[in-house]
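Worksheet for the structure shown next.
Just so it is clear, the values below take in all heavy atoms, side chains as well, and ignore hydrogens, waters and symmetry mates. Numbers for residues simply follow the sequence, beginning at 1.
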Amino acid sequence: MRALLVVNPAATTTSARTRDVLIHALASEMKLEAVTTGYRGHARDLARRAAESDDVELVVALGGDGTVNEVVNGLLHRGPDPDRLPHLAVVPGGSTNVFARALGLPNDAVEATGALLDALREKRDRTVGLGLAAGTPGTEDESVPARWFTFCAGFGFDAGVIGRVEQQRERGKRSTHALYIRQAVRQFLGEPRRGRGAITLERPGHDPVHDLSLSIVCNTSPWTYLGNRPVYASPGASFDTALDVLALSRLTTASVARAATQLLTSSPERGPHGKHAVSLHDLTDFALHSKVPLPFQMDGDHLGLRSSVTFTGVRRALRVIV
């Protein structure tokens with residue numbers, strides 16, 4: 001087997017020595033080309049070249065969820081074709097590693113490499129669905145190119161939190177769960193639209209849902225992790241279905257406290273609920289519009305402000321080694 005290993009040297013939970021050990025372990029089982037990324041978007045470019053080649057059978061992403069997202073977008077730059085495209089494998093190296101853990105992989109890079117080698121020997125893989133987000137035709141965002149996401153997207157509050165965290169990381173702060181919690185509190189205190197939201201959800205064949213303050217789009221469950229604790233925003237979300245949505249119609253102190261408590265105590269059977277929570281399951285096509293530009297994120301990557309985003313849930317988009 002010929003494989004490409006895409007290595008993010010800035011991965012927060014692996015050292016250079018650990019990465020060398022992992023590379024040697026993988027190279028002992030396959031014809032491996034290891035490339036270290038040097039700029040934002042490099043992983044996408046490498047995966048795109050692998051998808052266009054005739055002999056690369058596997059692309060391994062060594063890094064966090066951002067690296068995985070870039071690799072997926074490179075592999076699918078011409079659309080999904082799980083029977084033709086190289087398989088994807090993931091060795092987690094980030095701080096949260098939602099996609100890898102949702103697949104059932106160990107959160108330790110060394111253990112995950114061992115599991116990957118076992119899966120290759122036993123020819124274990126699965127086909128997963130993915131989400132696709134693009135600018136909505138007829139809006140000011142219609143020229144925004146489509147982009148795939150593996151586990152979640154957010155429009156509004158949670159994307160604002162991620163934007164704040166990225167600003168702190170650029171100033172030298174470490175990506176920790178405490179940092180996310182602090183920035184969530186600051187985002188809430190600075191939120192100008194707590195009482196009445198600006199977001200409208202539209203889907204074919206249904207009445208629009210107006211005045212939403214927060215919207216989280218999930219492609220799998222859990223939504224994220226706090227340390228080793230899984231957090232379920234949409235417990236029914238799955239790689240085998242389309243997309244799920246959790247939205248809140250109010251961001252008052254009481255409603256946010258209730259939703260936060262429900263998230264922290266969530267389970268695979270029950271997520272946030274109540275009169276201010278909107279939960280929708282297995283949506284193939286829908287759009288989120290806002291009266292004012294709002295922060296937007298995909299797979300934990302802040303993408304700036306958007307006024308409208310169209311989502312598509314694509315089943316059987318990519319084959320993954322598990």
Worked check of salt bridge (charged side-chain N to carboxylate O under 4.0 Å, His left out) between Asp301 and Arg147: CA-CA 12 Å; Asp301 187 10; Arg147 178 166 168 172; 3.1 Å; yes

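- Side chains of Ser15 and Thr18: a donor-acceptor N/O pair is present below 3.5 angstrom, by distance only.
- The closest side-chain donor-acceptor pair between Asp244 and Ser234, if any, does not fall under 3.5 angstrom.
- Under the 4.5 Å side-chain heavy-atom criterion for ILVMFWY residues, no single connected hydrophobic cluster contains both Phe99 and Val231.
- Environment of NZ in Lys291: crowded, with over 12 heavy atoms of neighbouring residues, nucleotides or ligands closer than 6.0 Å.
- Here NZ of Lys275 is found 13.5 Å from CG of Leu248. Values are rounded to the nearest 0.5 Å.
- Other residues, nucleotides and ligands contribute only 12 or fewer heavy atoms inside 6.0 Å of the CG atom of Asn228.
- Side chain to side chain, Asn69 and Asn73 meet the donor-acceptor criterion of an N or O pair below 3.5 Å.
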Derivation of the salt bridge (charged side-chain N to carboxylate O under 4.0 Å, His left out) call for Arg101 and Asp65: CA-CA 10 Å; Arg101 294 163 85 175; Asp65 287 311; over 6 Å; no

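- Both Leu75 and Leu46 belong to a common hydrophobic cluster when Ile, Leu, Val, Met, Phe, Trp and Tyr are linked at side-chain heavy-atom distances under 4.5 angstrom.
- Applying the 6.0 Å contact sphere to CZ of Arg229 captures no more than 12 heavy atoms from other residues, nucleotides or ligands.
- In this structure, CG on Leu212 lies 10.5 Å from CZ on Phe155, to the nearest 0.5 angstrom.
- Using a 4.5 Å cut-off on side-chain heavy atoms (C-beta onward), Glu29 and Arg121 make contact.
- No side-chain heavy atom of Pro268 sits less than 4.5 Å from a side-chain heavy atom of Pro235.
- Judged by a 6.0 Å distance limit and a 45° cone about the ring axis, Arg126 is not positioned over the six-membered ring of Phe239.
- Side-chain atoms of Glu52 and His77 form a donor-acceptor pair, as typed in the model, at a separation below 3.5 Å.
- Side-chain contact between Leu280 and Arg203: present, with at least one pair of heavy atoms (C-beta onward) separated by less than 4.5 Å.
- No donor-acceptor pair under 3.5 Å is formed between the side chain of Thr37 and the backbone N or O of His42.
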side-chain contact (heavy atoms from CB on, under 4.5 Å) between Phe157 and Val256, intermediate numbers included: CA-CA 11 Å; Phe157 180 82; Val256 169; 5.7 Å; no

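- The hydrophobic clustering, which links ILVMFWY residues whose side-chain heavy atoms are closer than 4.5 Å, places Phe149 and Leu88 apart.
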Candidate pair Trp223 and Leu246, rule side-chain contact (heavy atoms from CB on, under 4.5 Å), full reasoning: CA-CA 10 Å; Trp223 165 50; Leu246 170 69; over 6 Å; no

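- In this structure, Asp141 and Thr136 have side chains that are not in contact, with every pair of non-hydrogen atoms separated by 4.5 Å or more.
- Residue-environment remark: CG (Asp83) exceeds the threshold of 12 foreign heavy atoms within 6.0 Å.
- In this structure the side chain of Cys152 never reaches within 4.5 angstrom of the side chain of Val98, judged on heavy atoms.
- A distance of 6.5 Å separates CZ in Arg186 from CZ in Arg182, rounded to the nearest 0.5 Å.
- In this structure, CG on Asn97 lies 9.5 Å from CZ on Phe151, to the nearest 0.5 angstrom.
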Derivation of the side-chain contact (heavy atoms from CB on, under 4.5 Å) call for His276 and Arg258: CA-CA 10 Å; His276 298 305; Arg258 186 182 306 110; 4.1 Å; yes

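- Summarising the geometry, atom CD belonging to Glu70 is positioned 11.0 Å from atom CZ belonging to Arg48; distances are rounded to the nearest 0.5 Å.
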Criterion salt bridge (charged side-chain N to carboxylate O under 4.0 Å, His left out) on Arg2 and Asp54, from CA distance to verdict: CA-CA 10 Å; Arg2 184 181 174 195; Asp54 295 325; over 6 Å; no

side-chain contact (heavy atoms from CB on, under 4.5 Å) between Val6 and Asn8, worked out: CA-CA 7 Å; Val6 179; Asn8 180 1; over 6 Å; no

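- Here the straight-line distance linking atom CG of Leu318 with atom NE2 of His87 works out to 9.0 Å at 0.5 Å rounding.
- Between Thr113 and Leu26 there is a side-chain heavy-atom pair separated by less than 4.5 Å.
- Put simply, the side chain of Leu58 reaches to within 4.5 Å of the side chain of Leu120, judged on heavy atoms.
- For the pair Leu76 and Leu130, the minimum side-chain heavy-atom distance is below 4.5 Å.
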